[in-house]
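Beneath this line is the structure, given in structure tokens, with notes to follow.
Quick note: residue numbers are just sequence positions, from 1. One-based numbering, in listed order, for ligands and for the atoms of each. Below, all heavy atoms of this structure are taken into account, side chains as well, without hydrogens, waters or symmetry copies. Nothing here was measured: the structure is a model prediction, and the numbers come from that model.
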Amino acid sequence: MTRTSRRLADGREIIYFDDTPQAPPRTAVDTRDLPEQAPRSEVRRDPLTGEWVAMAAHRQTRTYKPPADLCPLCPSTEGRPTEVPESSYDVVVFENRFPSFAQDVPEIPATVAGMPMVARAAGRGRCEVVCFTSEHTKSFGQLTPSRVRTVVDAWADRTEALSALPGVEQVFPFENRGEEIGVTLSHPHGQIYGYPFVTPKTERMLAVAEQYQRTNGRAVLGDVLAAERAAGTRVIETSEHWTAFVPSAARWPVEVHVVPHRQVPDLPALSEAERDDFAQLYLRVLRRLDALYDRPLPYIAAWHQAPVRTGRDLSWLHLEVFSVLRTADKLKYLAGSESGMAVWINDVTPEQVAERLRAVG
Ligand SMILES: [Zn+2]
């Protein structure tokens with residue numbers, strides 16, 4: 001993998017990650033006349049739950065479902081400059097033009113006016129876009145293993161870089177795929193958020209991991225992994241370094257966890273062999289997911305990484321892939337119980353889903 005960092009017309013960073021050193025030099029200049037963005041994002045802490053909420057009102061004007069010939073993630077062509085100045089690329093990462101978090105946000109008072117119990121802070125972090133291929137109509141599951149490997153290296157590179165930025169407490173690479181998920185651009189891409197706080201989900205998981213470690217002297221996910229591998233009933237793919245299984249208390253109609261056999265805090269800690277092995281295994285998982293309803297499955301793929309400064313020895317990197325699709329054409333909506341009380345009601349058992357995923361693909 002080779003890496004080249006450049007700047008876009010408005011000063012945002014763009015980084016090319018090429019599969020091989022034989023790629024052409026990435027020297028193309030962004031010719032657009034782009035106004036500088038002045039993100040004004042902020043975060044406020046809910047005084048009842050203790051959870052942070054981000055506000056980014058400037059995002060309302062962002063690009064929404066453009067036609068394919070106006071895709072801002074495709075490479076630039078003569079007379080039609082996009083977000084990517086080069087005429088082709090392998091993997092490219094750039095700062096989001098409409099970020100939820102950014103480095104140059106203005107300072108604000110430490111509490112909400114008239115509400116001293118509500119903490120408030122500038123949304124200081126970073127949001128990046130990751131394009132997995134320059135081919136507009138491809139999907140992640142159609143990438144070659146060597147391209148997936150480049151994506152993994154890009155995720156690891158960005159995790160290290162964002163972790164070193166002032167204010168960033170957790171780095172979250174993810175992919176939203178499909179209109180049902182609310183994707184506004186169909187070009188195969190994901191995002192990376194550098195949050196200015198540890199996310200509520202990660203805080204909850206760290207509290208459980210700490211309690212389990214104190215009681216049993218072992219990592220909870222390590223014990224889950226060993227038990228799932230021994231039971232086998234929910235396992236859908238295994239390899240030397242990774243196992244993919246439907247978790248035994250799955251929330252979503254389709255949910256798969258992809259877990260490395262070795263406890264590592266984050267993507268940069270993965271070995272070369274673990275990264276290569278992940279590329280092969282994850283492609284097999286995605287093929288099964290698309291075969292499940294015999295149509296491209298809308299999904300969210302979410303990397304759970306250790307926070308930058310806390311709980312690193314308790315964390316165990318893993319990828320959670322899940323879908324809102326409960327049949328080929330029926331969506332699960334987050335209704336009263338899920339949205340109001342965070343209690344998921346699942347219409348299928350994890351064992352049934354695992355059996356079907358093993359039978360296809
Ligand atoms: Zn495109």
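- Side-chain contact of Asp18 with Thr20: a donor-acceptor pair under 3.5 Å is absent, judged by distance alone.
- With sequence neighbours excluded, no residue forms a side-chain hydrogen bond (donor to acceptor under 3.5 Å, both in side chains) with Ser87.
- The SG atom of Cys74, the Zn ion (ligand 1) and the SG atom of Cys71 define an angle of 120° (nearest 10 degrees).
- Taking Glu42 as the reference, Arg44, Arg120 meet the side-chain hydrogen bond (donor to acceptor under 3.5 Å, both in side chains) condition, with sequence neighbours excluded.
- The atom of His136 that is an N, O or S and sits closest to the Zn ion (ligand 1) is ND1.
- When the N, O or S atoms of His187 are ranked by distance to the Zn ion (ligand 1), ND1 comes first.
- Donor-acceptor pairing under 3.5 Å is lacking for the side chains of Gln191 and His189.
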